[in-house]
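In this chain, numbering begins with 1 at the start of the sequence shown.
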Amino acid sequence: MAGAYQIARVGIEGVDNWRKDNHQHAEATPEDGEAGAGGSAPAAGVVGEAAKNPAPAAPARPRAAVPDATKAPAAAPAAPPPRMIVPNAETAPVDRTPVGSIGGAALNPLPPPDAIGAIRALAEGGDAAAQYDLALRMSEGRGLPRDPRMAAQWFERAAAQGLAPAMYRLGSLYEKGVGVERDYSRARKLYQAAAEAGNARAMHNLAVLFAEGGDGGKPDYGAAAEWFRKAGEYGVRDSQHNLAILHARGLGVGQSLVQSYVWFSAAAAQGDADAARKRDEVASRLDSKELAAAKAAAAAFHVKEPPRASNDVPPPVVGGEKARVPGAAAPVSPPPAKPKISRL
């Protein structure tokens, strides 16, 4: 499914949000797909003093160069920048899905009405996968009338059974205020639970909330960096991009242009042209020894595979068989260690 979602990124000159086009619908936002093969990631830095002085919001589409590594970011007002809201939120898909290597949704393209009725019966009987599937259909209007409120109720029931993708989806609804009253605190708790269970997309969105300060709160770049790192290790491209910027500016982590180069390289390897430009800007500020170390670390980085159960919901079983139809797309399989360019 194609749609437009919001991606939040931390800009080199501050914290900024902008809208990105989403070309592939993935699980829990779809994101419940898979990431690349296992491997190691660069080591985390220590919290820097710059984290105490967040910089002012940057323009919507910043193209600023990486600031001098010897200079700390300027102090600015503590209030976070305003969050952009997707236009026509009541008629558009609700998830702001981060870009990354995790695959598309294992959605169930079933022919109504029989299959839908069977899924509904399973959902009412307590089947978490069916509850999630039904909620997803209601949230998108696929095979059923679009009903954000009922979708939220079914996501809630699936989340109550510990289904991490449902927690992620429900968190997104609460963050946007679609089908439920907007509640950043509730959204953060749901993202946190899903992230701790291993959902990579929830990790990214949780990090964004920490970086932005949530509903008028103070940004926590240390926590944001931690979750961007975890999501980045699972191949979430925007998290890799954000973490590179935090390292470049010393926000929440020790300022390190070597680490910034590594994470920009990881995002660039997934087709992020902006990350590629920033990587080259960072490279121009490194001496030959630092650049060699940065390139070696970037080459050694490999995406980890996230827990399947926390990132993918198998189709519910209807009549002894998985509820799918001939010719339907197969469930997403893990991409290679160096995943192809993809958007969720």
Side-chain angles (χ1 to χ4, degrees), residues 5-10 15 17 26-36 38 41 44 47 83 94-103 105 128 132 135-136 152 155-156 158-176 180 183-215 217 219-243 246 252-253 263 266-267 303-313 334 344:
Y5 300 98
Q6 256 190 28
I7 304 298
R9 280 186 170 173
V10 180
V15 178
N17 300 338
E27 236 261 50
T29 256
E31 35 214 292
D32 313 56
E34 301 301 308
V47 176
R83 177 183 292 275
V94 298
D95 274 319
R96 36 193 275 285
T97 308
V99 172
S101 66
I102 295 179
Y132 177 84
L136 202 58
F155 279 135
E156 182 83 54
Q161 297 196 61
L163 200 64
M167 296 175 193
Y168 166 80
R169 275 283 191 162
L170 187 60
S172 181
L173 293 178
Y174 274 106
E175 184 183 2
K176 293 294 181 185
V180 293
D183 187 335
Y184 283 109
S185 177
R186 176 71 169 143
R188 177 177 292 186
K189 290 178 181 178
L190 286 162
Y191 285 152
Q192 182 96 35
E196 290 176 349
N199 186 278
R201 298 309 183 198
M203 294 175 187
H204 175 85
N205 282 13
L206 179 62
V208 169
L209 289 186
F210 278 125
E212 294 181 341
D215 189 13
D220 184 344
Y221 292 115
E226 176 185 355
W227 286 109
F228 279 140
R229 179 178 298 278
K230 291 179 179 180
E233 290 173 349
Y234 284 139
V236 180
R237 194 174 80 186
D238 283 346
S239 285
Q240 295 168 346
H241 186 285
N242 291 350
L243 183 59
L246 293 181
V253 290
W263 288 106
V303 173
K304 295 179 179 179
E305 182 177 350
R308 180 178 292 273
S310 299
N311 292 274
D312 181 65
V313 180
L344 296 184

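- Note: Glu196 CD to Lys230 NZ = 7.5 Å, rounded to the nearest 0.5 Å.
- Between atom CD of residue Gln192 and atom CE of residue Met203 there is a gap of 10.5 Å, rounded to the nearest 0.5 Å.
- For the side-chain contact (heavy atoms from CB on, under 4.5 Å) criterion with Phe210, the lone passing option out of Tyr191, Trp227, Tyr221 is Trp227.
- Considering every non-hydrogen atom in both Ala166 and Ala158, the closest pair reads CB-CB, 3.6 Å.
- In this structure, Ala200 and Ala231 approach most closely via the heavy-atom pair O-CB, 3.7 Å.
- Distance check: Ser239 OG to Glu233 CD gives 10.5 Å after rounding to the nearest 0.5 Å.
- Taken from CG in Asp183 to NZ in Lys176, the straight-line distance is 15.0 Å, to the nearest 0.5 Å.
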>> For Trp263 and His241: C-alpha separation, side-chain torsions, deciding distance, then whether side-chain contact (heavy atoms from CB on, under 4.5 Å) applies.
In response: CA-CA 6 Å; Trp263 288 106; His241 186 285; over 6 Å; no
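- By the side-chain contact (heavy atoms from CB on, under 4.5 Å) test, Ala135 pairs with Trp154, Phe155, sequence neighbours left out.
- When all heavy atoms are compared, the tightest approach of Tyr234 to Gly198 is CE1-O, 4.5 Å.
- A heavy-atom distance below 4.5 Å is found between the side chains of Tyr132 and Arg169.
- For the pair Glu175/Leu190, no side-chain contact is recorded, criterion being any heavy-atom separation below 4.5 Å from C-beta on.
- Proximity of a side-chain donor or acceptor of Ser310 to a complementary backbone N or O of Ala197 within less than 3.5 Å is detected.
- For the residue pair Asn199/Tyr168, the side-chain donor-acceptor check at 3.5 Å is not satisfied.
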>> I'd like to know whether Arg188 forms a salt bridge (charged side-chain N to carboxylate O under 4.0 Å, His left out) with Glu212, so could you lay out the CA-CA distance, the side-chain angles of the two residues, the decisive distance to 0.1 Å, and finally the verdict.
In response: CA-CA 12 Å; Arg188 177 177 292 186; Glu212 294 181 341; over 6 Å; no
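- Between Gly171 and Ala187 the shortest heavy-atom distance is O-CB, 3.4 Å.
- Here the closest heavy-atom approach between residue Ala128 and residue Leu163 is recorded as O-CD2, 3.7 Å.
- Residues Leu170 and Glu156 approach most closely at CD2-OE1, 3.4 Å, considering heavy atoms.
- In this structure, the side chain of Gln240 engages the main chain of Gly232 through a donor-acceptor pair within 3.5 Å.
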